[in-house]
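Presented below is the structure to which this report refers.
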There are 2 protein chains.
Amino acid sequence: MDSRSSSLEHATEHPRWATIEDVSARRTPNPSSRRSGATLADVAQVVGVSARTVSRVVNGEGGCTPATRDRILAAIEEVGYRPNLMARGLIRRRSDTIGLIAAEMLDPFFPEFAEGVQRSADSLGRTMFLASSNTDRERQASALMSLRGHGVDGVIVFPAGDSADDLVAMAADGLPIVVVNTEIDAPGIAVVSADIVGGAELAVEHLISRGRRRIALLIDEHARTLQTPSRREIGYRSALAASGVAFDPLLVVETNNSLEGGRQGARKMLAASQPPDAVFAYNDVLALGAMQELLSSGVRVPDDIAIVGFDDILMCEAVTPRLSSVRIDRDLLGHGAVEQLQALIEHPEHRVEPRRFPVDLVVRDSS
Amino acid sequence: MDSRSSSLEHATEHPRWATIEDVSARRTPNPSSRRSGATLADVAQVVGVSARTVSRVVNGEGGCTPATRDRILAAIEEVGYRPNLMARGLIRRRSDTIGLIAAEMLDPFFPEFAEGVQRSADSLGRTMFLASSNTDRERQASALMSLRGHGVDGVIVFPAGDSADDLVAMAADGLPIVVVNTEIDAPGIAVVSADIVGGAELAVEHLISRGRRRIALLIDEHARTLQTPSRREIGYRSALAASGVAFDPLLVVETNNSLEGGRQGARKMLAASQPPDAVFAYNDVLALGAMQELLSSGVRVPDDIAIVGFDDILMCEAVTPRLSSVRIDRDLLGHGAVEQLQALIEHPEHRVEPRRFPVDLVVRDSS
DNA sequence: CTGAAAGCGCTTACAG
DNA sequence: CTGAAAGCGCTTACAG
């Protein structure tokens, strides 16, 4: 006689088959196992059918009397049965989940992208799990391992660091991967990106059309040390060249990627023998820092120096003067990433063509 | 003769036990199963030991000859074995993962909190998975179900909507839950929060000390319709009362929670017969919108109207004048949430006392 | 329409 | 130090 039977004695009104009380009793003796709720077998036992039949109802496979179906549904409700997705994933070899690895959650660019991914995943019946690498390659690797180990069907990643070796290895190992705003050509990896070069060109062309000729490039020093030249710098140079404006290395100002970095950059510009008449910034945070410093130094924006940022974060609208910026539709980019991933998951043998999204220039008061 | 044996024929140089080639060959025939990499059994077969022994090495349980250990480690490397965390979680009844459910990823408050949670989880050897409810109770419920179904050991959640019924139900069902900035008293639920009332008091006391008496409360209309009165309003009123300043309902301005809402609120204030001489805003986004509108209307900040926001987001530093704000240490709050959750996971039977973190007032140029 | 059997990849008691 | 057996909770072929 174990604790189950003693518990059964209280359930005298329930005659034939096992009851809710049994099921909870089964779990009561060991409080540490409280975590695992009712199982398929529990539901089956309550109703008096096989687990297979309950499984059919849970998965809406049909092939089942409405009567038993209703009883099973009622029992599921009663015992609070929820499928164990680990068990299901183990056997189905797919979990209907995808992973998203942020390089830097604090980047204002990121949350809106993540929202797009989530909404898009939702509409495909998938759950998105987000992890962050904090721009650390080791953490990226462990996030990747963890996500994969937990059975995600694929991963969207903002690559951390300079090398993509681990991503390539993971993809070769059978994990579908989509990289964002990064050029990688490897089997099992698809690419989605915004047309950053084109965006930079738009910004600089715009400044030139406003009569500016000494256009500074305020750039994240980190981005400039990467092996691949910054796409913003490529666009900056090509727009200058297209208009016959000479490239002046003295107008490239490197700084650290922060508000204060933007301020420092502005101070450097003002200290130069020939200050610029416009600034194209690597991103909006740098642009906002620079603008603040210029304003507090008595420089008029845009009259003396015009400014254009990159990303079009919410705060562009909040400052005075409002900041012009290159807008990336992050929501759309998120959707595109999910679509690429879905294609990769469904056809692992196909090559998925890179997808690039156009960007806009939003002209406001700062230029 | 199946495809395996034919593949084995090529591996003539490898005599005794199964080799890497076999393992990959086993998977090659069916491309769709590429996803599942090498298993414990594969490694065992390659080395010529039992799965149990490989398991011991993988988990560092010791009790194993250094020689076999090395051979197993080498084989793991060779075949690229990675543990299937779903299988492990199924049997261990814990996954060493926790879930975090955001109400709104786009809220500037959130990412920094999430970073704190992630770092803290990391240091405990846990992986954090983030999902979002988009302030939708149904999506919160499905995120909760999904996370739970995938075996997370507990969940930290920013509750969506007005009722906590589903959270209470989930907790009763055995899922440890920590709620953030919300008062819920139920078994299995722990609370972590910032002292929002105290923060509001600090802000209003500060404005009073600056000689302001007509202090507007610019508040998210949504927050005001919740059943529980906004803690910011409670603090606002108590600070007024403490200084003997009469509460004037006309100074409470409701608006939607956005930059534009902040601007609209400011317009309402200016249109009043007696405009305020200070604004205490529900959050920084509202404060920034209001400040922008006031400045563009020729109001001097802080001379004519002082402004204090709430949350201390990065952009408080980026605007001119810099915005004073109530600072919540989001990183610390994230750590606290993980600690509470850990306590709940380790002692499901204990009641975990609510934990409240103090907040600061950061006085800048706007007040 | 329903069920008995096998197994996903791993770990937990046990034995040797 | 090492292994054979059982089983976590589910689904996938099969039979009836």
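Reminder, nothing fancy here: chain letters follow the sequence lines and each chain counts from 1.
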For the side chain of A:Gln340 and the backbone of A:Val191, is there at least one donor-acceptor N/O pair under 3.5 Å apart?
yes
Indicate yes or no for a side-chain donor-acceptor contact from A:Thr39 to the backbone of A:Asp42 under 3.5 Å, with no hydrogens or angles considered.
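Yes; at least one donor-acceptor contact below 3.5 Å.
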Start with the C-alpha distance between A:Asn134 and A:Gln140, add both sets of side-chain angles, then the distance that settles side chain to side chain donor-acceptor pair (under 3.5 Å), and finish with yes or no.
CA-CA 8 Å; A:Asn134 279 80; A:Gln140 172 179 289; over 6 Å; no
Candidate nucleotides [options], ranked by approach to the side chain of [X] - the nearest:
{"X": "B:Val49", "options": "D:dG3, D:dC10, C:dC10", "value": "D:dG3"}
{"X": "B:Thr65", "options": "D:dT2, D:dT11, D:dC8", "value": "D:dT2"}
{"X": "B:Cys64", "options": "D:dT11, C:dG9, D:dT2", "value": "D:dT2"}
{"X": "B:Arg93", "options": "D:dT11, D:dG9, C:dC8", "value": "D:dG9"}
{"X": "B:Ile91", "options": "D:dC8, D:dG3, D:dT11", "value": "D:dC8"}

Between B:Ala41 and A:Arg56, which residue's closest nucleotide on DNA chain C lies nearer the 5′ terminus?
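It is A:Arg56, whose closest nucleotide lies nearer the 5' terminus.
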Please report the distance, rounded to the nearest Å, between [atom1] in [X] and [atom2] in [N].
{"X": "B:Arg94", "N": "C:dT12", "atom1": "CZ", "atom2": "P", "result": "8 Å"}
{"X": "A:Arg71", "N": "C:dT2", "atom1": "CZ", "atom2": "P", "result": "9 Å"}
{"X": "A:Leu85", "N": "D:dT11", "atom1": "CG", "atom2": "C1'", "result": "13 Å"}
{"X": "A:Arg88", "N": "C:dG9", "atom1": "CZ", "atom2": "C1'", "result": "18 Å"}
{"X": "A:Glu61", "N": "D:dC14", "atom1": "CD", "atom2": "P", "result": "15 Å"}
{"X": "A:Asp42", "N": "D:dG9", "atom1": "CG", "atom2": "C1'", "result": "10 Å"}

Could you let me know what D:dT2 is paired to, Watson-Crick or G-U wobble, both distances under 3.5 Å, or none if it's on its own?
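In the structure as shown, D:dT2 has C:dA15 as its Watson-Crick or wobble partner.
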Could you report the tightest heavy-atom contact between A:Ala131 and A:Ala143, atom names first, then the distance?
CB-CB, 4.1 Å
Under 4.0 Å between a side-chain N/O of [X] and OP1 or OP2 of [N], yes or no?
{"X": "A:Asn84", "N": "D:dC8", "value": "no"}
{"X": "B:Ser50", "N": "D:dG3", "value": "yes"}
{"X": "A:Thr68", "N": "C:dC1", "value": "no"}
{"X": "A:Arg52", "N": "C:dA5", "value": "no"}

Quick check on DNA chain D: between B:Ala51 and A:Ser55, whose nearest nucleotide comes earlier from the 5' end?
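In this pair, the answer is B:Ala51.
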May I ask you to check whether B:His150 and A:Phe129 place their ring centres under 6.0 Å from each other?
yes
